[in-house]
Amino acid sequence: TSPFAWLRTRFYYLLIRLYFDQEFSVEEFTRGAKQAFSVVSKLLSQRKLDLLDELVSAEVLQVLKEKISLLPDNHRDALAADIDAIMYTTEGDVRIYYDDDGIKFVSILMRFWYLNGANLPDEVPGETKVFQIVFGDESTKEKRHLLTANYEFQREFTEGAKPDWTITRIEHPRLLE
């Protein structure tokens, strides 16, 4: 990320700590986001969408139900991210919202890079090359793809609101389109 984006993100984290949640920790949030990403991506892969009610917004869940039913099996398998297979995580964007009724929201877009052993072709739709990593020697090769996903987490900070983060956007580029 650019130095400007990094500074901007850190400034928003400071605002969250000062005005919304004095206990907020970037490290703790990132750990929870990785865990949520792993759980949600596996449930998507297994088509267990009914178990996502408390984790994903109703709007996103409705869109996912339509998209998941149309996915080929190998693309659906590629959605699953084991927490140990997450290679890199970074914040994409942090935003603070106030609506006309005084409701306060914070949203944080997280980007994940993960390894997955799904049987994907070398070229996927959109003619974009998927990175492949081969583990083992010639006789026991295990091919893995380095895939990306973007998950946006949102939490309401209005007094009396539940202190839960909800996923309000799920993107698996070239897989879940």
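These figures come from a predicted structure and were not determined experimentally.
- Here CG of L147 is found 12.0 Å from CD1 of I86. Values are rounded to the nearest 0.5 Å.
- In terms of heavy atoms, D164 sits closest to R155 at O-CG, 3.6 Å.
- N116 places a side-chain N or O within donor-acceptor distance of the main-chain N or O of A80, the cut-off being under 3.5 Å.
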Item to complete: Assess whether salt bridge (Lys or Arg N to Asp or Glu O under 4.0 Å) is satisfied between K48 and D50, documenting all intermediate values.
Response: CA-CA 6 Å; K48 295 182 177 178; D50 54 323; over 6 Å; no
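- Ring-plane geometry between Y88 and W113 is classed as tilted, the angle between the planes lying from 30 to 60 degrees on a 0 to 90 degree scale.
- Across all their heavy atoms, L146 and M87 have their closest contact at CD1-CG, 4.1 Å.
- Once rounded to the nearest 0.5 Å, the distance linking CG of L61 with CG of L55 reads 10.0 Å.
- What you find for W165 and V106 is that their closest heavy atoms are CZ3-O, 3.7 Å.
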Fill in: Full working for salt bridge (Lys or Arg N to Asp or Glu O under 4.0 Å) between K104 and D99
CA-CA 7 Å; K104 302 175 238 176; D99 74 4; over 6 Å; no
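- Counting non-hydrogen atoms of neighbouring residues, nucleotides and ligands closer than 6.0 angstrom, the CZ atom of F11 reaches no more than 12 such neighbours.
- Counting only heavy atoms from C-beta outward, the side chains of L176 and L64 approach each other to under 4.5 Å.
- Ring geometry for Y151 versus F37: interplanar angle over 60°, hence perpendicular rather than tilted (30 to 60°).
- Here OG of S57 is found 11.0 Å from CD of Q62. Values are rounded to the nearest 0.5 Å.
- Here the side chain of S38 pairs no donor or acceptor atom with the backbone of K34 at under 3.5 angstrom.
- Centroid-to-centroid, the aromatic rings of F20 and F157 come within less than 6.0 Å.
- There is a side-chain donor-acceptor pair under 3.5 Å between E152 and T168.
- Counting heavy atoms from C-beta outward, R169 and N150 have side chains that stay 4.5 Å or more apart.
- Here the side chains of R10 and R8 are not in contact, with every heavy-atom distance at 4.5 Å or above.
- S41 and A81 get closest at one heavy-atom pair: OG-N, 3.0 Å.
- Inter-residue side-chain proximity for Y13 and I108 is flagged as met; some heavy-atom pair is nearer than 4.5 Å.
- A distance of 10.0 Å separates CG of N74 from CG of L79, quoted to the nearest 0.5 Å.
- Taking each heavy atom of T166 and V56 in turn, the nearest pair found is CG2-C, 3.8 Å.
- In the hydrophobic cluster analysis, where Ile, Leu, Val, Met, Phe, Trp and Tyr join through side-chain heavy atoms closer than 4.5 angstrom, Y12 is grouped together with L18.
- A side-chain donor-acceptor contact under 3.5 Å links S25 to the backbone of E28.
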Item to complete: Mind running side chain to side chain contact (heavy atoms under 4.5 Å, CB included) on N119 and D77 for me, showing each step along the way?
Response: CA-CA 8 Å; N119 184 21; D77 292 343; over 6 Å; no
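- Side-chain atoms of D101 do not come within 3.5 Å of backbone N or O of I103 as any donor-acceptor pair.
- With a 4.5 Å cut-off on side-chain heavy atoms, V60 and L52 do not count as touching.
- Distance check, rounded to the nearest 0.5 Å: CZ of F4 to OG1 of T9 gives 9.5 Å.
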Practice prompt. Check step by step if side chain to side chain contact (heavy atoms under 4.5 Å, CB included) holds for L44 and L49.
Written response: CA-CA 6 Å; L44 287 173; L49 303 179; 3.4 Å; yes
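- The aromatic rings of F153 and F112 lie perpendicular to each other, with more than 60° between the two planes, well past the 30° mark.
- Atom CD of Q35 has 12 or fewer heavy atoms from other residues, nucleotides or ligands within 6.0 Å.
- Taking CG of L115 as the start and CG of D82 as the end, the distance is 10.5 Å to the nearest 0.5 Å.
- Of all the heavy atoms in I68 and R76, the pair that sits closest is CG2-CD, 4.3 Å.
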